[in-house]
Protein chains: 2
Amino acid sequence: MSTKNKILDAAENLFADKGFNGTSLREITSQAEVNLAAVNYHFGSKKELIKAVMSRYMNELSPRLESALIDVCRNDELSLVDVFSAFIEPLLSLNDFKDNGTSNFLQLLGRGYTDSQGFLRWFLTTQYPGVIDNFVLAVQKAYPELGAEEMFWRLHFTMGTVVFTMSSSDALIDIAKSDFERSLQISDVIRNVIPYVAAGVGAPMPQL
Amino acid sequence: MSTKNKILDAAENLFADKGFNGTSLREITSQAEVNLAAVNYHFGSKKELIKAVMSRYMNELSPRLESALIDVCRNDELSLVDVFSAFIEPLLSLNDFKDNGTSNFLQLLGRGYTDSQGFLRWFLTTQYPGVIDNFVLAVQKAYPELGAEEMFWRLHFTMGTVVFTMSSSDALIDIAKSDFERSLQISDVIRNVIPYVAAGVGAPMPQL
DNA sequence: CGTTATTTTAAACGCTTGTTTAAACTGACT
DNA sequence: AGTCAGTTTAAACAAGCGTTTAAAATAACG
């Protein structure tokens, strides 16, 4: 395992757990068992390291996500549940790519939206616009009556639901375990969240 | 205006904008135009200052919220939209209490859930349990068929939607402004989010 | 007025942060 | 063996952090 990858793996886990601001380079290099200066040697700066961690996932995910969304659009009786279900397989495939990949990535996404006054949001929307574009197209086909402004809000609400849920999914799964006395997986969360966001996006238009 | 309140006001605005971890005491005292040591003199520590900022809002909000939820439960044909609409007036009343009160408070709530590994979540759920209890009762009355487990998940999804949206509401409002070329308020966000979460919580039960 | 008590102040404390430096080491190619 | 690029290392850097100290200023009260 190369120094570069040791740093990326350690940084990913710590970033997901404690946020970007909350994780120091010394924690990362200590967990990766490499020298402190190695981060700046291989990545240049902490900010570039954050980008590298996110890019590793996005490069894996975005083509799968795009083609899954294009595929689902071929369905002529497309429902919103179909659209959101298209995310499941690409997201779960991140677990093959790396241990805890799915939940790490979703937590990182959540961190990126609230930490670091939005520079990661800029990074994602400008570097990977294809995912968002195809997603909007799919929602439009499944719910053509939805106006552009309502679409805008509801997609952001959906992003919030998913990102917040996943960034605290470990805690939620623990609470749910002790409350309902049965073991739960990340797939249980996904199974529950899809009807929720599908119904939210598909809500009737609000009267003005 | 007392030193204590000058600190609270400055801290509130900066915390809402840049998060708890992202705001230093020196920024706060400089904006409040008081001495750096005044924070530790009046509040003891930064953590206690955070609690004080949140308490100032919760003490104002929680009784209004509780009675609004109890009131709405008297409705015999209670809908989920009714339940969520019960939040509007108490939340907007924070604007009378303080400039930008509503949006500051909701942003702080969002920060508290993602910053500071959940100590604020513990603080709110243990110090103000009446709000949550009455909210659950109202949802149960509006949608009795909803099972306990689905209720658990959907209330957390809703919390995620609201908290995430509000913690980035300034950015969202800016984007929406430039996209739709009209000015937007926090009340526009609220008007859009209620049908969304009401439909999400009211979604049909997922088939197993 | 004089004497407490409360509040404000400037300065320093010890610590952590991201980054840089320059020397040491590594492995491959001539 | 000798050279040289690539990599790793220990040490230091300046800057920022939350907190503490002790003296100065202000307020309150007999």
Side-chain angles (χ1 to χ4, degrees), chain A residues 1-56 107-108 111-112 114-123, chain B residues 1-56 107-108 111-112 114-123:
Chain A
M1 169 98 74
S2 70
T3 299
K4 213 166 170 173
N5 279 323
K6 282 198 274 187
I7 294 174
L8 281 173
D9 286 345
E12 174 188 318
N13 287 318
L14 287 166
F15 283 156
D17 200 36
K18 318 171 58 170
F20 300 114
N21 293 333
T23 304
S24 71
L25 295 185
R26 283 170 177 81
E27 290 179 272
I28 294 170
T29 53
S30 144
Q31 180 155 121
E33 295 179 307
V34 303
N35 188 274
L36 167 63
V39 170
N40 287 280
Y41 175 76
H42 285 285
F43 297 94
S45 69
K46 184 180 180 181
K47 206 164 196 168
E48 289 298 320
L49 172 62
I50 295 175
K51 281 196 205 172
V53 168
M54 293 308 292
S55 295
R56 197 164 57 147
Q107 288 187 50
L108 289 170
R111 299 296 187 181
T114 51
D115 285 13
S116 67
Q117 54 263 50
F119 109 88
L120 198 63
R121 168 162 30 186
W122 165 88
F123 172 70
Chain B
M1 169 96 74
S2 71
T3 299
K4 213 167 170 171
N5 279 324
K6 281 199 274 187
I7 294 174
L8 282 173
D9 286 344
E12 173 188 318
N13 287 318
L14 287 166
F15 284 156
D17 200 38
K18 318 170 60 170
F20 300 115
N21 294 333
T23 304
S24 71
L25 295 185
R26 284 171 176 80
E27 291 179 271
I28 293 170
T29 54
S30 144
Q31 180 155 122
E33 296 180 305
V34 303
N35 188 273
L36 167 62
V39 170
N40 288 280
Y41 176 76
H42 286 285
F43 298 95
S45 70
K46 184 179 182 181
K47 206 167 198 170
E48 289 299 319
L49 171 62
I50 296 175
K51 281 195 203 172
V53 169
M54 293 307 293
S55 295
R56 196 165 59 146
Q107 289 187 55
L108 289 170
R111 299 296 187 180
T114 51
D115 285 13
S116 68
Q117 56 264 47
F119 109 87
L120 199 64
R121 170 163 29 188
W122 165 87
F123 172 70

Please confirm whether the shortest side-chain N or O distance from [X] to OP1 or OP2 of [N] is below 4.0 Å.
X: Asn40(A); N: dG18(C); value: no
X: His42(A); N: dT8(D); value: yes
X: Ser45(B); N: dG18(D); value: no
X: Thr3(B); N: dT8(C); value: yes

In whole Å, what is the span from the [atom1] atom of [X] to the [atom2] atom of [N]?
X: Leu36(A); N: dA11(D); atom1: CG; atom2: P; answer: 13 Å
X: Leu25(A); N: dT20(C); atom1: CG; atom2: C1'; answer: 13 Å
X: Leu49(B); N: dG18(D); atom1: CG; atom2: P; answer: 10 Å
X: Tyr41(A); N: dA23(C); atom1: OH; atom2: P; answer: 17 Å
X: Asn35(B); N: dA23(D); atom1: CG; atom2: C1'; answer: 13 Å
X: Asn21(A); N: dT16(C); atom1: CG; atom2: C1'; answer: 14 Å
X: Ile28(B); N: dG16(D); atom1: CD1; atom2: P; answer: 17 Å
X: Met1(A); N: dT7(D); atom1: CE; atom2: P; answer: 17 Å

Discussion item. Just to be sure I understand the rule, does Thr23(A) reach a base, reach only the sugar-phosphate, or reach nothing, if contact means heavy atoms closer than 4.0 Å?
Written reply: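 Sugar-phosphate only.
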Worksheet item: With a 4.0 Å cut-off on heavy atoms, is Thr29(B) in touch with a base, just the backbone sugar-phosphate, or nothing at all?
Response: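 It contacts nothing in the nucleic acid.
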Worksheet item: Checking only heavy atoms, does the side chain of Arg26(B) share a donor-acceptor pair with the base of dG16(D) at less than 3.5 Å?
Response: no
Find out whether [X] and [Y] are in side-chain contact, i.e. whether some heavy atom of one side chain is under 4.5 Å from a heavy atom of the other.
X: Phe43(A); Y: Lys4(A); result: yes
X: Asp9(A); Y: Arg56(A); result: yes
X: Thr3(A); Y: Asn35(A); result: no

Practice prompt. Can you measure from NZ (Lys51(B)) to NZ (Lys46(B)) and round to the nearest 0.5 angstrom?
Written response: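 The distance works out to 15.0 Å.
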Which of these nucleotides, [options], is closest to any side-chain atom of [X]?
X: Lys46(B); options: dT9(D), dA12(D), dG18(D); result: dG18(D)
X: Glu27(B); options: dC17(D), dT7(C), dT9(C); result: dC17(D)
X: Ser24(B); options: dG18(C), dT7(D), dC17(D); result: dC17(D)

Worksheet item: Taking the nucleotide of DNA chain C with the closest heavy atom to each, which residue, Ala37(A) or Val34(B), is nearer the 5' end?
Response: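 Its nearest nucleotide being more 5', the pick is Val34(B).
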Worksheet item: So, for Ile7(B) and Ile28(B), which heavy atoms are closest and what is the spacing to 0.1 Å?
Response: O-CG2, 4.0 Å
